[in-house]
K.L.:
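One structure is given below, represented as structure tokens, and several questions about it will come after.
Worth saying up front: this structure is predicted, and the values here are computed from it rather than measured.
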Amino acid sequence: FAFFPGEPRWVRSGPLTLTYAIGPTDAVDYIPRAEVEAAFRRAFRRWASVIPVRFEETTEYEAADVKVGFYSGDHGDGEPFDGVLGVLAHAFSPDSGLLHLDSAERWAVDFRVEGSKVAVDLESVATHEIGHVLGLAHSRVKEAVMYPSLSPRTRKVELRVDDVEGVQALYGSNPNFTFSSLFESDTSSAPK
Amino acid sequence: RPFPANQPDGPDRSHLPPGHRDDTWRSFERLLDAKRGTHIPGIGDLKRYFARFGYFPSPTSNLTDNAFDSRFESALTLYQTRLGLPVTSKLDARTLSQIMTPRCGVPDSVNLNRTGGVQR
């Protein structure tokens, strides 16, 4: 795992609760908004299960700590999106809270329903980008969620030991978390 | 000289992933098996790709020429190391496949200030 320069992280007095809001989903109107929300809910829950951080969904976009949005091309942050495939999404380190998805992609929440050869799993990308929002940079571990690339029609949502150790180095461990709850194959290679 | 990509005896492309006509980085497949000392149309685009994702020290360097030079080789070697690929310092099929795979826009280098909007 790796961090951004200076190892920025979210800091609050008392228990850390971050609000998040999802902007308009008109650009992906082929997916019901409720399913987009559900994918992000699962992605946030995964990270929350390993660190002492709560995520609360809000409809107040401007006031939210984490702002999720679908954008295309040049959308004003100096990192324009590039159309189909290529760059899928990006997010910014703490405490920016910006998480942007390229609306030119064919996003999918269920590959049994979405037949496109270039479909990209929304939940996998959401889980990865939330890692950036929390302060993780890219990992060299190919199996890790924080590895930088993801092939079309591929799902990678489960946190691996590398992801967990990285985020716990920033925030500590969720008292309810045990490494045995990760994949058996993953825990067998855990260094600690 | 032009890379003999379309000749019958050209590079073996069987290890490259199936493409899509709209794929942003599909054109990089023409660079298969390129190595130091060659000039190939498209290397300049790949230099800009490497600069964008943190493999050239300065994004303001001249990245427009198509020379597979020592600086490009260093960037390629660093890319192969960081992405857990066999370090061949060549644009082999496995490396090109990784380059063409869709990815996150956050640079891989954690040492550059432009990484992930730290400055924003």
K.L.:
Do A:Glu79 and B:Val106 come close enough that some side-chain heavy atom pair is under 4.5 Å?
P.N.:
no

K.L.:
Give the interface residues of residues 125-135 of chain A toward chain B, defined by a heavy-atom separation under 4.5 Å.
P.N.:
A:His128, A:Glu129, A:His132

K.L.:
A:Val157 and A:Val120: same hydrophobic cluster, using ILVMFWY side-chain contacts below 4.5 Å?
P.N.:
no

K.L.:
Which distance, rounded to the nearest 0.5 Å, do you find between the CG of B:Leu85 and the CZ of A:Arg140?
P.N.:
11.5 Å

K.L.:
Determine, using the 4.5 Å side-chain heavy-atom cutoff (strictly less than), whether A:Tyr30 and A:Leu88 are members of one ILVMFWY cluster.
P.N.:
yes

K.L.:
Heavy atoms only: give me the nearest B:Phe53-A:Val87 pair and the separation to one decimal.
P.N.:
CZ-CG2, 3.8 Å

K.L.:
Is it the side chain or the backbone of A:Phe81 that comes within 4.5 Å of chain B heavy atoms, both, or neither?
P.N.:
neither

K.L.:
Please check if A:Val141 and A:Val50 belong to a single hydrophobic cluster, counting links between Ile, Leu, Val, Met, Phe, Trp and Tyr side chain heavy atoms closer than 4.5 Å.
P.N.:
no

K.L.:
May I ask you to test the A:Ser149-B:Pro102 pair for a side-chain heavy-atom distance under 4.5 Å?
P.N.:
no

K.L.:
Rounded to the nearest 0.5 Å, how far does OG of A:Ser151 lie from CD of B:Gln98?
P.N.:
8.0 Å

K.L.:
Please report the interatomic distance CG(A:Leu85) to CE(B:Met100), rounded to the nearest 0.5 Å.
P.N.:
11.5 Å

K.L.:
With clusters defined by side-chain heavy atoms of hydrophobic residues (ILVMFWY) lying less than 4.5 Å apart, directly or transitively, does B:Val87 cluster with A:Tyr147?
P.N.:
no

K.L.:
Please determine whether residues A:Val36 and A:Phe111 belong to a single hydrophobic cluster, defined as Ile, Leu, Val, Met, Phe, Trp and Tyr linked transitively by side-chain heavy-atom distances below 4.5 Å.
P.N.:
no

K.L.:
Does any part of the side chain of B:Arg103, heavy atoms only, come nearer than 4.5 Å to the side chain of A:His90, both counted from C-beta?
P.N.:
no

